[in-house]
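See structure below.
All residue numbers in this chain count up from 1 along the given sequence. Computation of the quantities below employed the complete heavy-atom set of this structure, encompassing side-chain atoms and omitting hydrogens, waters and symmetry-equivalent molecules.
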Amino acid sequence: MANERGNTLITVLLVSLIFTILGLAIVSATINSNQRTGVRVDDIELTAEATKNLNEAIAIFNTEILKDEDEGGKILLSEQNLNIGELDSNLGDISTDISESYSKNKNHSLTITDITEDEKFGNIDKTKQLTRIFKFSYTIKNEDGANITKTVSRNIYLSPTPSFLNYAIGSGPDGIVDINGAAEIRGDIFGGIINTEDTAYFIDDDSKNNEENISKGKTLYPQLGSNSEDDRFLANVSFKKNINEVEDIPTILQDLDQYFYKNSYMTITKDTSEFIDVNFENTLAQIFNDLSGSKQFDGVNFGSTELAAHAVQTLMSNNADIEQIAFCDQNVTVSPKAYVYTSNVIQGDTCTNQLESSWFIVNGDLQIPRDTEIPGNIIVTGNLIIEGNNYEGNNISKDEDTEDDDVFFDSTIYVVGTTRISHTNIKSLDNPKAKLILMSKGNLFINRINEFNSIKNVEPLDAFFYTDSDAELYGVGSLFRINGGLFAKKQLTINAIRQDSIERNAENKLGNEIDPVRRQETQASRFYVEYDKSVLLDPDRLSSLPRVDKYQILLDQQIVQDGEGKTD
């Protein structure tokens, strides 16, 4: 019995010890969990504070950059005031002042570094170009001894270009954006008034001159951004006046099925920033100054086709380095600053050699037919027509499946009149950097490009389209795949359906071939635009972009790193 009592005691003590150890383990785990939770909370709070301070510093920098001269502004880009050495000195002074103001606390530091000449940005020459790139990095350390450090960084681009190049699509501050149907937009949108509709309008026959024959079909609302786990992309809709007459719009709206497609992922804000507009006439004046090597076109009015034509005559009469030609000759060995082309039609690809190295000025209207390569910059003082044959013509059979008229570009084009593009495929030249930037003072109309093509057969076009007036675009029989943007200062109207492919029927009536809405749900949009700011950063193209006298700021993605340099 004594031995049994001893064994019982040992068992009780052993069980007590086990429970004591388990209890201590639980207490330890709880303490460690609380510590980890505390560390994680500190981590999140430090990241949030660093992000807030970084964005605040960028906002202050932006304010200083955009100040007018009468407000004490030091960053002046106008031709008469521009001094590049002084510009960089002033930018350095602003950066230093802001950095010092945020680095007074020993646990906080802000560094602003000029990384413009880093080769990964394209070897920008600061002595000749105005684009500047700065890296903002805000570092913050935990103040209670937990040894946590967070650094939030962001590259910002200062570009002397107008604000429209910030957006995938848009209109001016007093303009209207009408998105009729199922366009898909990856990028920001801007406008005075923004309207959406689940109906697409289209021209329901193939007559070139029958734009009033408008029909409509039921489709889906436009999709902005993407909330897909595999392809998340946030779009921002910013407007000056209203959007669909909704009042008191919150900063973020997650349920807008009455205005946008259900898979949209966006923020909606009322814009309060300064919009830097295009000065179309001043841009042409500065280009003509560059060609003439003087300031003789300062103040010259390019506001109409007649006035622009007169400026061309002045350019030719005063400058020996401007050559007038009636047709293109591939064997020309002279390379003047500009050719003035007196014909109204470019035939085939015979102007390739001249365009690669000189501006091409057309004094009047210009027609660019199919199977043409345009590898250089053009100014048209009249109207521009880029047009193939429709399938009622002699060269296109109704039995053919898709549009086969191609025009290839690597160009910046300014058009003083109107621009019409129809019955053709607009493509990039076989060059990784090839882009089309088309600036039209008059109305822009695009219809039946890549017509009746299927989604899988169309390569994206790297392009920006801009008009000082109205733009009207149709993505029903047409198919748009644009990396870049679309902007109309007054009114931008987009029409689109979701349908991977669409065929012409015996009567050539589009409306008969549009799928029911329930089938469109599973298909891709025939009007897709994805914003691409790389056009702003190409050193070879900067001199041909629209001229403005203020910087705009473009932001890269934010990067968060810990004290060991690991990215979150």
Side-chain angles (χ1 to χ4, degrees), residues 65-70 73 75-84 87 128-131 158-166 170-175 274-316 318-319 322 337-338 340 359-363 377-382 384 411-419 437-444 464-469 485 487-490 535-536 541-552:
I65 295 300
L66 292 177
K67 277 184 178 179
D68 290 327
E69 189 171 7
D70 58 2
I75 310 302
L76 305 174
L77 304 183
S78 57
E79 294 285 332
Q80 61 271 26
N81 294 319
L82 184 58
N83 180 311
I84 288 184
L87 169 70
K128 298 179 180 178
Q129 298 166 11
L130 295 176
T131 296
L158 302 183
S159 178
T161 49
S163 293
F164 86 88
L165 288 167
N166 285 338
S171 69
D174 296 318
E274 179 179 1
F275 186 87
I276 303 173
D277 213 342
V278 173
N279 189 326
F280 199 94
E281 293 83 355
N282 184 61
T283 295
L284 289 181
Q286 296 309 318
I287 292 173
F288 273 51
N289 279 341
D290 292 345
L291 295 175
S292 69
S294 69
K295 301 292 185 182
Q296 69 182 100
F297 292 95
D298 282 352
V300 172
N301 191 338
F302 285 80
S304 69
T305 57
E306 293 81 7
L307 292 169
H310 179 72
V312 174
Q313 296 298 328
T314 302
L315 182 69
M316 287 191 297
N318 294 341
N319 297 280
I322 307 297
K337 289 184 177 180
V340 175
W359 277 90
F360 204 67
I361 302 173
V362 179
N363 207 4
N377 301 329
I378 300 177
I379 295 173
V380 181
T381 65
L384 174 64
S411 310
T412 300
I413 302 176
Y414 290 90
V415 183
V416 178
T418 62
T419 300
I437 301 174
L438 198 156
M439 308 283 299
S440 182
K441 185 169 178 59
N443 289 344
L444 170 66
F464 266 94
F465 294 93
Y466 171 90
T467 171
D468 246 14
S469 303
F487 202 95
K489 184 176 180 179
K490 294 181 180 177
V535 65
L536 303 176
R541 198 175 303 275
L542 288 171
S543 61
S544 66
L545 290 178
R547 313 289 179 89
V548 296
D549 59 4
K550 286 188 177 182
Y551 274 127
Q552 63 165 310

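Taking the charged nitrogens against the carboxylate oxygens, K489 and D277 do have a contact shorter than 4.0 Å, which makes a salt bridge.
Shown here for S440 and T419, the closest heavy-atom pair between the two residues is OG-OG1, 3.0 Å. Counting all heavy atoms, side chain and backbone alike, Q296 lies closest to N289 at N-OD1, 3.4 Å. When all heavy atoms are compared, the tightest approach of L315 to I322 is CG-CG1, 3.9 Å. Scanning all heavy atoms of the two residues, the minimum distance from V415 to G382 falls at CG1-O, 3.4 Å. The minimum heavy-atom distance between S469 and K441, with the atom names listed, is OG-O, 2.8 Å.
The side-chain hydrogen bond (donor to acceptor under 3.5 Å, both in side chains) search around S544 returns T412, not counting sequence neighbours. Taking F465 as the reference, nothing meets the ring pair (Phe, Tyr, Trp, His ring centres under 6.0 Å) condition, with sequence neighbours excluded.
Proximity of N279 to D549: side-chain heavy atoms (C-beta onward) are nowhere separated by under 4.5 Å. Within the 4.5 Å cutoff, side-chain heavy atoms of M439 are placed close to those of V278. The side-chain heavy atoms of L284 and V416, taken from C-beta on, include a pair separated by under 4.5 Å. When side chains are defined from C-beta on, L307 does not count as touching T381, because their heavy atoms never get closer than 4.5 Å. With a 4.5 Å cut-off on side-chain heavy atoms, I437 and S411 do not count as touching.
The distance from the CD1 atom of I379 to the CG atom of L291 is 6.5 Å, given to the nearest 0.5 Å. Interatomic distance, CD1 of I84 versus CG of L130, reported as 5.5 Å (0.5 Å rounding). We find the CG-CD distance between L66 and Q552 to be 9.5 Å, quoted to the nearest 0.5 Å. In this structure, CG on N282 lies 11.5 Å from CG on N301, to the nearest 0.5 angstrom. The distance from atom OG1 of T305 to atom NE2 of H310, rounded to the nearest 0.5 Å, is 13.5 Å. A distance of 12.5 Å separates CD in Q286 from CD in E281, rounded to the nearest 0.5 Å.
In the displayed structure, K490 atom NZ is contacted under 6.0 Å by at most 12 heavy atoms of other residues, nucleotides or ligands.
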(request) Might you work through the side-chain contact (heavy atoms from CB on, under 4.5 Å) test for T161 and R547, ending with a clear yes or no? (result) CA-CA 6 Å; T161 49; R547 313 289 179 89; over 6 Å; no
(request) Using the side-chain contact (heavy atoms from CB on, under 4.5 Å) rule, take I361 and M316 through it: C-alpha gap first, then chi angles, then the decisive distance, then the call. (result) CA-CA 11 Å; I361 302 173; M316 287 191 297; over 6 Å; no
(request) Tell me, with the steps shown, if V548 and L77 meet side-chain contact (heavy atoms from CB on, under 4.5 Å). (result) CA-CA 8 Å; V548 296; L77 304 183; 5.9 Å; no
(message) Working note: N377 + I287, criterion side-chain contact (heavy atoms from CB on, under 4.5 Å); need CA distance, chi angles, decisive distance, verdict.
(response) CA-CA 11 Å; N377 301 329; I287 292 173; over 6 Å; no
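Using cut-offs of 30° and 60° on the angle between ring planes, the pair Y466 and F164 is tilted. Taking the six-membered ring where tryptophan is involved, the planes of F275 and F487 are essentially parallel, since the angle between them stays under 30° and well short of 60°. Between F302 and F288, the two ring planes are perpendicular [angle over 60°; tilted spans 30° to 60°].
Listed for the Y414 side chain is no donor-acceptor partner under 3.5 Å among the backbone atoms of F280.
No side-chain donor-acceptor contact under 3.5 Å links N443 and T418.
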